[in-house]
Amino acid sequence: MSRFFAGGSDSDSDSSSDSEPVIRQPAAQFTFSDEEEDIKRVVRSKKEKRYEDLTNIIKNIRNHKKIKDMSSVLVSFEEFMRAYTKALPVVMKEEHGVTPRVVVRALAELEDFINDTWDDKECRKNLSKNNGKALGTLRQKFRKYIKDFESDLKRFREAPEEFAEQDEDEDRDSDKGSESDEDNVVKVQPTKMAVSFKKEPEKTKQSKDDDDSDSSDWGSDSDSDSSSSDEDAKYTTIRDRFLKKEKAPGEAPSVTTGSALGEETVKKEKKIKPSKRKPKHEEPLEENDDEEEGWKVVNGNRSGASEQPKMFAKDAEITAALVVSKLSEVMAARGKKRTDRKMQIEFLRELRTIAETNNLGPAVAAKIRFNIVSAIFDYNPKVSGPMKLDHWSKLLEEIQALLQLLLEHEDVHLSETVLDEHEEYESAPFKIRGCMLTAVERLDDEFTKLLKECDPHSNEYVDRLKDEVTVTNIIEQVVTYVERLGHETEICRIYLRKIDHLYYKFDPNVLKKRKAQLPADTVTSVEEMDKLCRYIYAKDQTDRLRTRAILSHIFHHALHDNWFQARDLVLMSHLQETIHHSDPSTQILYNRMMANLGLCAFRHGNIKDAHLCLVDLMMTGKPKELLAQGLVPQRQHERSLEQEKVEKQRQMPFHMHINLELLECVYLVSAMLLEIPYMAAHEFDARRRMISKTFYQQLRSSERQSLVGPPESMREHVVAAAKAMRHGDWNACANFIVNKKMNVKVWDLFFEANRVREMMVKFIKEESLRTYLFTYSNVFASISVPHLADMYKLPKSKVHSVISKMIINEELMASLDDPTETIVMHRSEPSRLQALSMQLADKVTNLVDANERIFEMKQGNFFQRGGNQGYNRDRQNYRNQNQNQNWNNNRRQDNRNRGNRGNQNRGEPREHREHQREQREQREQHRDQQREYREQRGQRNVEFDSKAE
């Protein structure tokens, strides 16, 4: 409203022109509407709002219960649950966690109403379909919801009068409070000024709302209106308002006209107005002047003084108790939604600096550093993702400093068994709550996440891998600290962490010490692993740690060619039977152990054992996934996103991978050395089994190709070598397996690769010799041993040994003639036509035996039916009817037929018995012939043995 038309008094309005009241009339209406709006504005606390919402909902529920509107009761009850959830923080703060009695009484009444309605079957029948359905839903939700209020409801059932009195008292208090609020808002000190009495309530209201930023900074419309009305009271005419008044410099402004009351009100306003704006502008400047000069940059996103705890005042005495209390205040905000994690770490570091400056002792310093480590861990919000590199470097520094502090001061005990109230910071022995082992375990997990996040073929991965030296040093320090404490469970846990960083690393000193190239007192990684694992075997109480220790121990033995120790551990532990019940990470470690054990067996020349160790991994076709070295792309919907995320978290770091091409090559070569001689020995055997399905499929797919070029990949080299071995050509087979390309891809990856290549060539010669004898033994009458030795570049003793084993195992029907150094073949092996004929005869015999067994099972029912009399009679009657014969002839014919069938049935059992007797005689003759054949073959073997002697 313009002050020009405000008017000072009633006399002015009378003396003014007729148009002035017309102009003032809208101003009066505008002022009246502002008064109404401002009077309606009531500032309520959060408690009042929440409790008012609950009270309104409870009233609605009671109203709906009166008319039995179950649908509305259900909707109101759901609103009540949401409203009470919102009011829980207020209840916890104001009522100290005690449920308000209004809520308990309302829940008890609703429970009685639901039970009574549910028990009244007639009432339920009269309900509508929607109300009946809503009643069932309400009953289920209510029974589930009141489980948290059972104790409160029990107290209400015991003494409902206390709850009723409390409700009435609360109602009375609320009524009194509302009346007092109304008095504060409406009742105003009367003034003598007619113009200013309308605006006086606004001044009292503004004195209440000093904390309101809008009113304190910029004022309000009511301020301007009230000030204008007060100024109007000082002037008698409009002319006096605009007259210029002269005043001396430095003199306070004065009012020349108006009453003394007006002067006092003006002075009061001048005193009050600066006080309103001071909290917003002057106080922060004073604080900034105390702390530091100049402006202070504030983050607008952060809110609340609780998130920015202030450090100590300048004149405060810094003590251990004061620092610990401030530390608790800072850590109280840990994990809250709007806590600035970065600012929290800065506060902790500032607190650490204050503690070090005042020399508060090692216990306080250790406590603060431990909390800094926890805060750095909490800075990363993603559990599956790695932390940032700058935080990782700071974390390593903090943990190293903390461990150094704990190791230097033996009287500082950091343990999770110490309770918060039993912590001691003043005098030794110092006791602090915390677990250093858990922090180091999490540090190790974060290191693994960082490695998995990096590209394994980049320099970044190498840089991160250099931190493993620091991590292992930290683990060594924790081992020393935990061994000093003497807790067996914690010692087993930290030993396993040390084993995890040790078991996959190859130590060349082990082989050098085995060859006596190093002193006997040199401690190798095998001896260190043996000490750690034996302690876990003896002291561990959980199966998981013991299982992982055994698997790591076997892996380390196999890595250093300790084949017999690794094999004995596998056989004694019986892990093959129980590993399927372990967690996925332990199963992955088991797969890695079996793969490395297979490589160890191959290096030692145990081809069968190597094949047995690797067959379970390679048969599935997913060795990459089983060893946790990557995910194979699958079809759509075979793996969900959540499942893929979990499997990625289980992957092994790249430097711990086992070469899959090396693994597959060793498996295929082992399968070739076993499968090709077996195929040659059982070429015409219908019951031949496959030793290696994967190798057999590779061989068959190569044979189906119309044009086969020179081998390029590793698989093609092995298949080409297998084809050469089938013809007994050991030289071509060895050239396919051992060549420059295969050396670069596979064989050079072995330790002492030349020894492995020589071992492979030796096995290729021996298996090619066996294959040659199996394939061409029926062609020769005798073979010279020196000729075979020269053909396969083997010593005579080795050829003699191979042939002797084949004869003893009945794989080769022959005998050795030592004087002439020849192998005399026995013509007992059938030709291909004879073998096929024998197979056909066996199959036909089995078929006949099966048919006889089926016939004997059913012959009892067959003879009881009398030769299907009913069927024959019906068919005969049908034929007679078609021939239109008379009934007598038909009857006589039926009698004749019945008699004939009876005679036939009486003769059938005798013929059947004679047939069975003939078949038994034939089978006995066949057995006698086979027995005679075996006896003749045994006599020939005896004769050849006697000749050889």
Side-chain angles (χ1 to χ4, degrees), residues 320 323-324 327-328 330-331 334-335 345 348-349 351-352 355-356 360-380 387 391-425 428-450 467-502 532 535-536 539-542 545:
V323 172
V324 171
L327 177 65
S328 302
V330 174
M331 296 306 294
R334 178 185 178 188
I345 296 173
L348 290 172
R349 286 178 179 163
L351 200 62
R352 181 192 63 192
E356 291 175 352
L360 298 180
V364 177
K367 180 70 174 178
I368 295 175
R369 286 189 180 275
F370 186 79
N371 283 294
I372 291 174
V373 171
S374 302
I376 295 175
F377 279 130
D378 292 342
Y379 188 81
N380 184 23
M387 64 170 55
H391 290 93
W392 168 251
S393 59
K394 293 176 183 176
L395 178 64
L396 291 178
E397 294 174 1
E398 292 293 339
I399 290 184
Q400 285 177 319
L402 176 59
L403 282 171
Q404 185 178 0
L405 182 66
L406 292 175
L407 292 175
E408 289 177 355
H409 301 83
E410 295 186 1
D411 52 354
V412 178
H413 297 285
L414 180 67
S415 176
E416 59 183 351
T417 58
V418 179
L419 300 179
D420 292 334
E421 56 268 18
H422 295 158
E423 289 184 334
E424 180 61 42
Y425 301 98
F430 304 105
K431 294 182 180 180
I432 309 171
R433 178 172 176 80
C435 185
M436 196 67 222
L437 178 58
T438 305
V440 173
E441 286 178 345
R442 190 165 179 187
L443 172 74
D444 193 18
D445 295 337
E446 290 292 338
F447 176 66
T448 306
K449 291 178 188 177
L450 282 171
D467 292 336
E468 189 180 15
V469 179
T470 308
V471 174
T472 51
N473 291 335
I474 289 173
I475 292 176
E476 289 285 351
Q477 292 176 349
V478 176
V479 167
T480 306
Y481 176 73
V482 173
E483 286 177 347
R484 190 178 72 190
L485 295 179
H487 298 297
E488 294 181 353
T489 305
E490 294 184 354
I491 293 175
C492 291
R493 287 168 58 189
I494 194 61
Y495 275 5
L496 187 63
R497 286 288 171 174
K498 186 176 180 181
I499 287 170
D500 288 341
H501 285 272
L502 185 64
L532 299 175
Y535 186 89
I536 294 177
K539 303 294 184 180
D540 179 50
Q541 303 297 326
T542 61
L545 296 184

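Counting begins at 1 with the first residue of the sequence.
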Walk me through it: do Ile399 and Met436 pass the test side-chain contact (heavy atoms from CB on, under 4.5 Å)?
CA-CA 9 Å; Ile399 290 184; Met436 196 67 222; 3.9 Å; yes
Non-hydrogen side-chain atoms of [X] and [Y] separated by less than 4.5 Å:
X      : Y      : value
Leu351 : Asn371 : no
Val440 : Val471 : no
Glu490 : Glu416 : yes
Tyr495 : Glu483 : yes
Asn473 : Gln400 : no
Phe370 : Ile432 : no

Take Ile491 and Leu485, measure what side-chain contact (heavy atoms from CB on, under 4.5 Å) needs, and give me the verdict at the end.
CA-CA 9 Å; Ile491 293 175; Leu485 295 179; over 6 Å; no
Go through Thr480 and Leu403 one step at a time and tell me if the side-chain contact (heavy atoms from CB on, under 4.5 Å) criterion holds.
CA-CA 10 Å; Thr480 306; Leu403 282 171; over 6 Å; no
Between [atom1] of [X] and [atom2] of [Y], what distance do you get to the nearest 0.5 Å?
X      : Y      : atom1 : atom2 : answer
Thr472 : Asp467 : OG1   : CG    : 10.5 Å
Glu441 : Asp500 : CD    : CG    : 10.0 Å
Arg442 : Cys435 : CZ    : SG    : 13.0 Å
Leu437 : Ile475 : CG    : CD1   : 10.0 Å
Met387 : Ser393 : CE    : OG    : 10.0 Å
Tyr535 : Asp540 : OH    : CG    : 10.0 Å

Could you report the tightest heavy-atom contact between [X] and [Y], atom names first, then the distance?
X      : Y      : answer
Glu476 : Lys498 : OE2-CE, 2.8 Å
Ile376 : Arg349 : CD1-NH2, 4.3 Å
Ala439 : Phe377 : O-CZ, 3.6 Å
Ala375 : Ile345 : CB-CG1, 3.9 Å
Lys431 : His422 : CB-O, 4.1 Å

Determine the interplanar angle of the Trp392 and Phe447 rings, folded into 0 to 90°, and report it as parallel if under 30°, tilted if 30 to 60°, perpendicular if over 60°.
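Because their plane-to-plane angle is under 30°, the rings of Trp392 and Phe447 count as parallel.
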Considering residues at least two apart in sequence or located in another chain, which fulfil the side-chain hydrogen bond (donor to acceptor under 3.5 Å, both in side chains) criterion with Arg334?
Asp378
Under the rule for side-chain hydrogen bond (donor to acceptor under 3.5 Å, both in side chains), what residues qualify as partners of Arg497, not counting sequence neighbours?
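Result, side-chain hydrogen bond (donor to acceptor under 3.5 Å, both in side chains) vs Arg497: Asp444, Asp445.
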May I ask you to say whether Glu397 pairs ionically with Lys394, meaning some side-chain N is under 4.0 Å from a carboxylate O?
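Salt bridge absent between Glu397 and Lys394.
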Basic-acidic side-chain contact under 4.0 Å: Arg369, Glu398
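Here Arg369 pairs with Glu398 in a salt bridge, since their nearest N and O are under 4.0 Å apart.
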Identify every side-chain donor-acceptor pair in residues 404-412 under 3.5 Å, counting partners at least two apart or on other chains, and give the distances.
{"residue": "Gln404", "atom": "NE2", "partner": "Glu408", "partner atom": "OE2", "Å": "3.2"}
{"residue": "His409", "atom": "ND1", "partner": "Leu405", "partner atom": "O", "Å": "3.1"}

Check Leu414, Leu402, Leu360, Leu327 against Lys367 for a side chain to side chain contact (heavy atoms under 4.5 Å, CB included) and give me the one that passes.
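Checked Leu414, Leu402, Leu360, Leu327 against Lys367; only one passes side chain to side chain contact (heavy atoms under 4.5 Å, CB included): Leu327.
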Using atom types as modelled and distance alone, determine if a side-chain donor or acceptor of Gln541 lies under 3.5 Å from a backbone N or O of Thr489.
no
